[in-house]
Number of protein chains: 2
Amino acid sequence: MDISIERLCIENGLKMTGPRRVIARVLSESTDHPDVDELHRRANRLDQRISLATVYRTVRLLEAKGILERRDLGSRRARYEPSGEKNHFHLVDQDSGKVLEFAAPDAELLLRDIARQHGFDLALIKIELFGRRPAAKMGAEEAMNGDRRDSQARLHGEVQGT
Amino acid sequence: MDISIERLCIENGLKMTGPRRVIARVLSESTDHPDVDELHRRANRLDQRISLATVYRTVRLLEAKGILERRDLGSRRARYEPSGEKNHFHLVDQDSGKVLEFAAPDAELLLRDIARQHGFDLALIKIELFGRRPAAKMGAEEAMNGDRRDSQARLHGEVQGT
DNA sequence: GTAGTTGCAAAGCCTTTGCGATCGG
DNA sequence: CCGATCGCAAAGGCTTTGCAACTAC
């Protein structure tokens, strides 16, 4: 799972320029759901010269090629992840903004079935759960994969100024 | 979901000003998932003077009060719907952009269970299915699991393209 | 009367784009 | 070599906000 994104790019007939190679590598090494700004930051650690615009253009291109998938996860910024991975969904901790991934093959089947009953072929299933952990015991599998927080921030905020 | 939005506003201690009353009414009468611009348009049919900024401020406030829920549904503009309604999810036709609502109590249970296993209390479950109808045999039933079917017409549909 | 609201226009945030320079195949 | 890609800065689309006037309670 190292350079797979780059491989996919090549298979899709994309020119592998310097910046693109770096971004592909950053994507391949990410196990979370970085937004464009974060990708830019990570890419810049490998090559200072890569511009934000290029990161935007690249994720857009890779999304069009089906190599990446865009996620929203509550924040205003788009986040990306490789689409190859087997179906998984997102459980967002509303307090910390952390995102856990989980599989739910049973639920998936049910949904696919419902869609079929309506005459649809599903291309994409998005399931996002938002909740909080009752203060009690945490820890345990905290080890999953934490995400950059930032997802909410507008979930509670006061609304009217002055 | 008739004039209930206004009632909810009052219960939440919000001042019922003219603009707010109109927006509440528009929301109460909507059976689809309008974006802010569309809400503004509808509100303006009842009162020309209502500004876009006020619509933004109002939906934000109502979302904070838990009266409305924001949806993304693939487009870049936020869409809103009353949160009171019983849990339902969205099936988006990628060709037309139309959104069907459906219920999936079984899937819901499964998911709630998964969340519990991770120590979470769920506040919100989002399920969005994206797919297309193979031109072949459609028809059959347009009626969903008891929820109201909702054929929103004017839907600036598209999801993303290149 | 006072705190909460509103309109308007300006500002902000994220994303896209025009353009000339560069680079990959 | 030719078209794809890049960096930069300017432009766009959607949303928020500062401010002074106004209004519900």
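Sequence lines set the chain letters: A, B, ... in the order given, protein chains first and strands last, and positions in each chain run from 1.
Atom CD1 of A:Ile10 is separated from atom P of D:dT5 by 13 Å (rounded to the nearest Å). Distance A:Glu38 CD to C:dC13 C1': 17 Å, rounded to the nearest Å. Per the geometry, CG belonging to A:Leu52 stands 9 Å off P belonging to C:dT15, to the nearest Å. One interatomic measurement links the two molecules: CD1 of B:Ile50 to P of C:dG7, which rounds to 7 Å at whole-angstrom precision. Across the protein-nucleic acid pair, B:His40 atom NE2 and C:dG7 atom P stand 8 Å apart, rounded to whole Å. A straight line from CG of B:Asn44 to C1' of C:dG7 spans 12 Å, rounded to a whole angstrom. Look at CG on B:Asp47: it is 14 Å from C1' on C:dT5, rounded to the nearest Å. Rounded to a whole Å, the CZ atom of B:Arg77 is 19 Å from the P atom of C:dC14.
For the pair A:Thr17 and C:dG24, the criterion of a side-chain N or O lying under 4.0 Å from OP1 or OP2 is not met. Contact between the side-chain N/O atoms of A:Arg60 and the OP1/OP2 oxygens of C:dT17 is found at a separation under 4.0 Å. For C:dT16, the OP1/OP2 oxygens have no side-chain nitrogen or oxygen of A:Tyr56 closer than 4.0 Å. For C:dT5, the OP1/OP2 oxygens have no side-chain nitrogen or oxygen of B:Thr54 closer than 4.0 Å.
With hydrogens and angles left out, the side chain of A:Arg20 and the base of C:dG25 share no donor-acceptor pair within 3.5 Å. The base of C:dG7 is paired with the side chain of B:Arg57 by a donor and an acceptor separated by under 3.5 Å.
A donor-acceptor contact closer than 3.5 angstrom links the side chains of A:His88 and A:Glu81.
For the pair B:Leu111 and A:Phe102, the minimum side-chain heavy-atom distance is below 4.5 Å.
A salt bridge is defined here as a Lys NZ or Arg NE, NH1 or NH2 lying under 4.0 Å from an Asp or Glu carboxylate O, and A:Glu38 with A:Arg41 meets this definition. Ionic pairing of B:Arg71 and B:Asp32 is not present here: no N-O contact between side-chain nitrogen and carboxylate oxygen is shorter than 4.0 angstrom. Note on A:Asp37 versus A:Arg77: salt bridge recorded, some NZ/NE/NH1/NH2 to OD/OE distance being below 4.0 Å.
Take the nearest nucleotide of DNA chain D for A:Leu14 and for B:Leu14: the residue whose nucleotide is more 5' is A:Leu14. In terms of position on DNA chain C, the residue among B:Ala53 and A:Lys15 whose nearest nucleotide sits closer to the 5' end is B:Ala53.
Looking at the side chain of A:Met16, the nearest of the listed nucleotides C:dG25, D:dG7, C:dT5 is C:dG25.
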